[in-house]
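Written out below as structure tokens is the structure these notes cover.
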Amino acid sequence: MGSNTPQFRSLPRDERRTRIILAAKRVMLGKGLDAASMDDVAAEAGTTKPTVYAHFKSKDELFSAVVEYIKGHFLGKLRGPDAYADEPVEAVTRFCARFVELSCWRDAIGYQRVTLAAAARSPAISRAVYDTLFAEAGRTLSNYLRSRKLTRKPERDAELLLAATTGGPILRHLF
């Protein structure tokens with residue numbers, strides 16, 4: 001932590017929690033979910049392991065909080081198709097392009113790799129990452145398709161559009 005960074009104990013509880021989440025994000029992306037320890041997170045956050053456990057009961061709970069934190073940023077940067085254009089085809093095209101861009105962002109790819117590596121041990125966490133990166137975007141797109149009456153099967157078509165748009169780029173980045 002830099003010299004201008006406030007001491008951990010002097011921060012309000014919400015800011016301490018956020019600092020732990022951001023530290024966990026860095027540690028888990030750097031080491032992977034299984035190799036990351038609460039000691040590593042505490043050291044990165046500038047606090048102690050008991051303090052980390054005071055905020056999060058387990059590493060899985062902490063990683064779930066990291067996923068929720070990322071979800072807020074991801075969806076805030078993605079927005080809905082209507083934010084991109086008035087004309088539906090252009091709006092959907094730009095939405096899908098932005099989705100690919102965000103899904104292939106270095107940290108998003110890192111989370112997918114970390115999650116895939118831990119999927120057998122932590123299926124709930126894998127599901128949460130999937131919901132953050134794909135399912136939520138699919139719901140946003142299907143709601144748009146439904147509201148504009150652009151398709152008879154908005155959920156299916158949104159899923160197909162996102163899969164067709166992202167498949168190659170995401171796989172290229174993952175590998």
Side-chain angles (χ1 to χ4, degrees), residues 1-80 95 98-143 155 158-159 162-163 166-167 169-171 173-175:
M1 299 280 135
S3 61
N4 292 334
T5 305
Q7 291 296 313
F8 190 89
R9 282 190 239 159
S10 68
L11 297 171
R13 181 169 174 77
D14 287 348
E15 287 183 40
R16 290 191 308 258
R17 180 179 169 83
T18 299
R19 187 180 286 183
I20 292 168
I21 290 170
L22 293 174
K25 175 185 154 223
R26 290 187 298 272
V27 169
M28 290 174 182
L29 280 176
K31 291 187 164 197
L33 182 58
D34 290 333
S37 72
M38 296 298 251
D39 284 319
D40 296 330
V41 172
E44 181 72 21
T47 190
T48 63
K49 186 162 83 171
T51 300
V52 174
Y53 276 111
H55 289 269
F56 302 97
K57 293 178 180 144
S58 67
K59 186 167 63 167
D60 285 352
E61 183 181 309
L62 175 54
F63 192 67
S64 293
V66 170
V67 170
E68 282 302 309
Y69 181 85
I70 294 298
K71 179 180 181 177
H73 286 287
F74 183 85
L75 295 176
K77 289 180 181 187
L78 179 61
R79 302 179 318 228
F95 175 84
R98 181 66 171 152
F99 179 73
V100 169
E101 180 181 42
L102 291 171
S103 297
C104 293
W105 170 53
R106 181 182 44 112
D107 282 358
I109 291 295
Y111 282 111
Q112 292 172 71
R113 285 180 178 148
V114 165
T115 302
L116 288 171
R121 184 188 66 75
S122 302
I125 291 175
S126 298
R127 192 172 23 264
V129 170
Y130 172 83
D131 286 345
T132 296
L133 295 176
F134 298 100
E136 192 66 39
R139 282 189 286 277
T140 299
L141 183 54
S142 69
N143 289 339
E155 289 82 11
E159 184 178 0
L162 291 176
T166 59
I170 287 180
L171 288 175
H173 284 85
L174 281 172
F175 291 109

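Predicted model only: the values in this text are computed from it and were never measured.
Of all non-hydrogen atoms in Thr115 and Ser126, the two that sit nearest each other are CG2-CA, 3.1 Å. Asp34 and Ala117 make their closest contact through OD2-O, 4.3 Å (heavy atoms, listed as atom of the first residue, atom of the second, distance). Shortest non-hydrogen contact noted between Ala45 and Arg19 is O-CD, 3.1 Å. Residues Ala42 and Lys49 come closest through the heavy atom pair CB-N, 3.5 Å. Between Gly138 and Ala158 the shortest heavy-atom distance is O-CB, 3.5 Å. Of all the heavy atoms in Pro169 and His173, the pair that sits closest is O-ND1, 2.8 Å.
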Would you sort out whether Met28 and Lys59 count as a side-chain contact (heavy atoms from CB on, under 4.5 Å), showing the intermediate values? CA-CA 10 Å; Met28 290 174 182; Lys59 186 167 63 167; 3.9 Å; yes
Chi angles and distances behind the side-chain contact (heavy atoms from CB on, under 4.5 Å) call for Ile21, Phe56: CA-CA 10 Å; Ile21 290 170; Phe56 302 97; 3.7 Å; yes
Verdict with supporting geometry, Lys25 and Asp107, side-chain contact (heavy atoms from CB on, under 4.5 Å): CA-CA 9 Å; Lys25 175 185 154 223; Asp107 282 358; 3.2 Å; yes
Test side-chain contact (heavy atoms from CB on, under 4.5 Å) on Val41 and Ile20; report intermediate values, then the result. CA-CA 7 Å; Val41 172; Ile20 292 168; 4.0 Å; yes
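Checking side-chain atoms of Arg13 against main-chain N and O of His55 turns up no donor-acceptor pair under 3.5 Å. Of the possible polar contacts, one joining the Gln112 side chain to the Ala108 backbone as a donor-acceptor pair under 3.5 Å is found.
A 4.5 Å side-chain heavy-atom check between Val52 and Thr47 finds at least one atom pair inside the cut-off. In this structure, the side chains of Leu162 and Phe95 come closer than 4.5 Å at one or more pairs of heavy atoms. With a 4.5 Å cut-off on side-chain heavy atoms, Thr18 and Tyr69 count as touching.
Within the model, atoms OG1 of Thr166 and CG of Leu102 stand 12.0 Å from one another, a figure rounded to the nearest 0.5 Å. Rounding to the nearest 0.5 Å gives a distance of 6.0 Å between CD1 of Ile109 and CD1 of Ile170. In this structure, Thr48 OG1 and Met38 CE are separated by 11.0 Å, a value rounded to the nearest 0.5 Å. Here Glu101 contributes atom CD and Lys77 contributes atom NZ; the two are 9.5 Å apart, rounded to the nearest 0.5 Å. To the nearest 0.5 Å, the span separating OG1 on Thr140 from CD on Glu136 amounts to 5.0 Å.
The aromatic rings of Tyr111 and Phe63 sit tilted relative to each other, their planes meeting at an angle between 30° and 60°.
Salt bridge annotation for Arg121-Asp60: present, with a cationic side-chain nitrogen under 4.0 angstrom from a carboxylate oxygen.
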